[in-house]
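So the structure is just underneath, and the comments pick up after that.
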Amino acid sequence: MRLLSDLIIPALIMGIVILGLIRKEKVYEDFIRGAAEGLPTVLKVMPTLIGLMVSVGMLRASGFMEFLGTCLGQWTEQIGFPGELMPLTIVKIFSSSAATGMLIDLYKSQGVDSYISNVASIMMSSTETVFYTMSVYFLVANVTKTRWTLMGAMIATIAGTMASMFLATGM
């Protein structure tokens with residue numbers, strides 16, 4: 001399995017290049033043109049990304065996330081969701097990279113095979129960074145009316161979080 005996971009990305013890249021050569025397309029020139037066209041999008045999205053990362057970093061460094069997690073954890077413990085995961089759950093809604101850092105800290109404190117770590121691992125892969133995704137994609141696509149997007153995304157996040165709890169129970 002490890003060999004397969006190591007080969008997937010190189011095989012995908014090689015497949016794209018081979019397909020382009022078979023179709024007699026200029027693969028490298030197409031790649032350069034696509035990268036050049038994507039650069040303005042990156043520059044347009046950059047302020048939003050920086051703002052999100054700085055905000056999450058400040059909340060995490062101030063201890064507010066742990067405080068909020070402790071307060072909310074008292075309620076979630078009653079339904080079987082570990083209170084230790086509330087800060088991770090909240091941060092994941094905003095930033096996947098910050099949540100990954102918290103996940104590593106969780107592995108160090110709880111151990112990688114613990115129930116809490118299993119729930120966290122499944123939750124990280126079955127939920128989305130709602131506000132990051134909405135801000136980036138809506139900014140790029142010039143969407144101004146989000147309608148029910150936030151509500152739907154939060155319901156999906158709650159469903160993924162709940163499912164992670166039940167799936168980890170069987171591990």
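Under the 4.5 Å side-chain heavy-atom criterion for ILVMFWY residues, no single connected hydrophobic cluster contains both I16 and I18. Tracing side-chain contacts under 4.5 Å through hydrophobic residues (I, L, V, M, F, W, Y), one reaches I79 starting from F166; they form part of the same cluster. The same ILVMFWY cluster, assembled from side-chain heavy atoms under 4.5 Å apart, contains both F67 and V91. A continuous path of hydrophobic side-chain contacts links I116 to L68 [ILVMFWY only; heavy atoms under 4.5 Å]. Cluster annotation: L19 and M14 are assigned to distinct hydrophobic clusters (Ile/Leu/Val/Met/Phe/Trp/Tyr, side-chain heavy-atom contacts under 4.5 Å, transitive).
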Checklist entry - T161 and L85: side chain to side chain contact (heavy atoms under 4.5 Å, CB included), yes or no, with the steps? => result CA-CA 10 Å; T161 302; L85 293 180; over 6 Å; no
Checklist entry - Step by step, would you call F31 with V27 a side chain to side chain contact (heavy atoms under 4.5 Å, CB included)? => result CA-CA 6 Å; F31 170 75; V27 178; 5.6 Å; no
Next on the checklist: Walk me through whether F138 and T149 qualify under side chain to side chain contact (heavy atoms under 4.5 Å, CB included).
Outcome noted: CA-CA 11 Å; F138 288 172; T149 306; 3.5 Å; yes
Checklist entry - Please walk me through it: do V17 and Y28 pass side chain to side chain contact (heavy atoms under 4.5 Å, CB included)? => result CA-CA 9 Å; V17 171; Y28 184 72; over 6 Å; no
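Without hydrogens or angle criteria, S95 side chain to A98 main chain gives a donor-acceptor distance under 3.5 Å. Within the 3.5 Å criterion, the main-chain N or O of I122 finds a donor-acceptor partner in the side chain of S125. Panel note: side chain Q110, backbone S117; no donor-acceptor pair is recorded below 3.5 Å.
M123 CE to L88 CG: the interatomic distance, rounded to the nearest 0.5 Å, is 4.0 Å. In this structure, OH in Y115 is found 4.0 Å from OG1 in T169, a value given to the nearest 0.5 Å. Summarising the geometry, atom CZ belonging to F131 is positioned 12.0 Å from atom OG belonging to S55; distances are rounded to the nearest 0.5 Å. Rounding to the nearest 0.5 Å gives a distance of 9.5 Å between CD1 of I155 and CG of L150. The distance from the CG atom of D30 to the CZ atom of R33 is 4.5 Å, given to the nearest 0.5 Å. Between L103 atom CG and M124 atom CE the span is 5.0 Å, to the nearest 0.5 Å.
Here the closest non-hydrogen pair linking G69 and P87 is CA-CD, 3.8 Å. Between N118 and V112, the shortest heavy-atom distance links the atoms OD1-O, 3.9 Å.
The environment of OH in Y137 is sparse: at most 12 heavy-atom neighbours from other residues, nucleotides or ligands sit within 6.0 Å. Taking a 6.0 Å sphere around CZ of F81, one finds it holds more than 12 heavy atoms contributed by other residues, nucleotides or ligands. Atom CE of M58 is surrounded by 12 or fewer heavy atoms from other residues, nucleotides or ligands within 6.0 Å. Counted within 6.0 Å of NZ on K26, heavy atoms from surrounding residues, nucleotides or ligands total 12 or fewer; the atom is thus considered open.
For the side-chain contact (heavy atoms from CB on, under 4.5 Å) with I9, the qualifying choice from I13, L7, D6 is I13, the only one to do so.
For residues 84-108, the pairs satisfying salt bridge (Lys or Arg N to Asp or Glu O under 4.0 Å) are R60-D105, with sequence neighbours left out. A salt bridge (Lys or Arg N to Asp or Glu O under 4.0 Å) check over residues 127-155, counting only residues at least two apart or in different chains, returns nothing.
The shortest side-chain heavy-atom distance between I93 and M154 falls under the 4.5 Å cut-off. Looking at heavy atoms from C-beta onward, T89 lies out of side-chain contact with T127 at the 4.5 angstrom threshold.
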